[in-house]
Amino acid sequence: MPERDGYIPGVPCWVDTSQPDPEAALPFYQGVFGWEFENVMPDGPEGKYFIGRLRGGDVAAVEGVPDGAPPVATWNTYVWVDSADETAARARGAGGKVVAEPFDVMGAGRMAVLTDPEGAAFCVWQAKEHRGARIVNEHGALNFNGLATRDPQAAKAFYRTVFGWRTLALPHGEMWTLPGYGDHLEERTPGLRQQVAQMGGPEGFIDVVAALNPIAADDSATPAHWSVTFAVDDAESTAAKSRELGGQVVSGPFDAPWTRMAVIKDPQGAMFVASQFVPENKDPGA
């Protein structure tokens, strides 16, 4: 994939992980994904923000847990917007909450932290100097984001109001789509629409921006949340490396549509998915 330089409104564009001990998290992600880190925060009381890069391109970041937040490690999803203030107002009007009112992040951009009506937290990003993930869809880079929810119908109403998302029904579940996103991708990468069709992608698949994952009715422990998926060349070796570096393989590797995946917990407890693209797994039940 060509290097990204920005996104269109309504597309997940960035991820970072909040860690109780951010410096301790760096060796794990460097070892698993090959990231090279730079602290981009000036010296002072604001804390540290380590951006991870591949070939000099931003892929994700590691930060400390924000003041006042529980000391729990998490991965956070950011969605590109034209206005963080207007998006926060729409989210509040649609039944969500504004956890952190819109604020400027130096010259990088303006953001807000929101939750949907079920409590799943996400961030919105109004870009200035920071243009989101530069490298995506390759080993060690952001590949996908997904919402786990117990109330898909309520989620559909909320995210349609906030971002204009629709849904696409597939044999193995539903995906969030943004009308017009495929046109944007085709403009950036001519021929992409045809490539998706040749791989068996259904009509509308090129507009997909995230996954919609219902939480099982008998699962009372899992809260509604946004998940983060990174592309890997080999799910088995990524799982093994994660164990070696002190992480935990929660599930897998297992076959899923188009992929082989593993759910991994880093040493401080932040969960993510490692996904290997496997074209022959188009229909893993066949």
Side-chain angles (χ1 to χ4, degrees), residues 1-16 51-61 77-87 90 105 107-111 122-147 156 159-170 173-212 226 228-233 257-259 275-279 282:
M1 294 289 290
E3 185 171 324
R4 299 294 301 253
D5 182 23
Y7 296 74
I8 65 172
V11 178
C13 64
W14 183 244
V15 294
D16 60 24
I51 289 187
R53 299 188 174 106
L54 293 172
R55 306 191 312 279
D58 297 356
V59 291
T77 290
Y78 291 68
V79 181
W80 186 283
V81 296
D82 283 334
S83 169
D85 295 80
E86 292 177 5
T87 306
R90 281 201 304 275
V105 185
R110 186 168 175 80
M111 66 173 287
F122 61 96
C123 305
V124 293
W125 183 252
Q126 178 185 338
K128 295 178 183 177
E129 295 173 1
H130 183 67
R131 306 284 294 169
R134 296 281 184 163
I135 296 174
V136 296
N137 298 328
E138 64 176 68
H139 179 80
L142 179 63
N143 177 241
F144 221 54
N145 306 79
L147 173 69
K156 290 176 185 180
Y159 289 100
R160 181 166 184 159
T161 298
V162 176
F163 297 127
W165 291 353
R166 308 295 193 267
T167 56
L168 175 66
L170 299 174
E174 285 188 282
M175 298 288 180
W176 295 109
T177 64
L178 177 66
Y181 185 46
D183 296 334
H184 169 72
L185 294 177
E186 178 70 19
E187 183 178 339
R188 289 185 63 256
T189 310
L192 182 61
R193 191 182 297 276
Q194 183 178 1
Q195 293 175 28
V196 171
Q198 288 174 343
M199 288 191 301
E203 183 71 23
F205 190 76
I206 196 171
D207 286 332
V208 167
V209 294
L212 174 57
W226 275 92
V228 173
T229 297
F230 295 102
V232 297
D233 291 336
W258 303 99
T259 63
S275 177
Q276 175 188 350
F277 180 55
V278 183
K282 176 185 174 184

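Annotation: side chain of Cys13 is not in contact with side chain of Val79 (no heavy-atom distance under 4.5 Å). Side chains of Gln276 and Thr259 form no contact here, defined as non-hydrogen atoms less than 4.5 Å apart. Residues Val162 and Val81 form no side-chain contact, since every pair of their non-hydrogen atoms from C-beta on lies 4.5 Å or further apart.
Between Phe230 and Ala60 the shortest heavy-atom distance is CE2-CB, 4.5 Å. Between Trp226 and Leu147 the shortest heavy-atom distance is NE1-CD1, 3.5 Å. Contact detail for Gly132 and Trp80: the closest heavy-atom pair is N-CZ3, 4.4 Å. Annotation for Val59 and Ile135: closest pair CG1-O, 3.7 Å, computed over non-hydrogen atoms. When all heavy atoms are compared, the tightest approach of Leu185 to Ile206 is CD1-O, 3.7 Å.
Here Tyr7 pairs with nothing under the side chain to side chain donor-acceptor pair (under 3.5 Å) rule; sequence neighbours left out. Listed by chain and number, the residues in a side chain to side chain donor-acceptor pair (under 3.5 Å) with Asp85 are Arg110 (sequence neighbours excluded). Partners of His130 under the ring pair (Phe, Tyr, Trp, His ring centres under 6.0 Å) rule, at least two apart in sequence or in another chain, are Trp14, Trp125.
Using a distance-only test at 3.5 Å, with no hydrogens or angles considered, a donor-acceptor pair links the side chain of Trp165 to the main chain of Gly10. Of the possible polar contacts, one joining the Gln126 side chain to the Ala84 backbone as a donor-acceptor pair under 3.5 Å is found. At least one donor-acceptor pair under 3.5 Å links the side chain of Arg166 to the backbone N or O of Gly164. Under a 3.5 Å cut-off, the side chain of Asp58 and the backbone N or O of Arg53 do not form any donor-acceptor pair.
Here the OG1 atom belonging to Thr177 is positioned 11.0 Å from the CG atom belonging to Leu212, to the nearest 0.5 angstrom. Note that the NZ atom of Lys156 and the OG1 atom of Thr167 stand 4.0 Å from one another [nearest 0.5 Å]. Atom OG of Ser275 is separated from atom CG of Asn137 by 10.0 Å, given to the nearest 0.5 angstrom. Between Phe122 atom CZ and Asn145 atom CG the span is 12.0 Å, to the nearest 0.5 Å. One distance of note links CG of Asp207 with CG of Leu168; it measures 8.5 Å at 0.5 Å rounding. Thr87 contributes atom OG1, which lies 12.5 Å from atom CE of Met111 (distance to the nearest 0.5 angstrom).
Between the side chains of Thr229 and Asn143, not a single donor N or O lies within less than 3.5 Å of an accepting N or O.
Screening Tyr159, Phe163, Tyr181, Phe144 for a ring pair (Phe, Tyr, Trp, His ring centres under 6.0 Å) with Trp176, the sole residue that qualifies is Tyr159.
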Walk me through it: do Asp16 and Ile51 pass the test side-chain contact (heavy atoms from CB on, under 4.5 Å)? CA-CA 9 Å; Asp16 60 24; Ile51 289 187; over 6 Å; no
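Salt-bridge check for Glu3 with Arg131: failed, with every basic side-chain N at 4.0 Å or more from each acidic carboxylate O.
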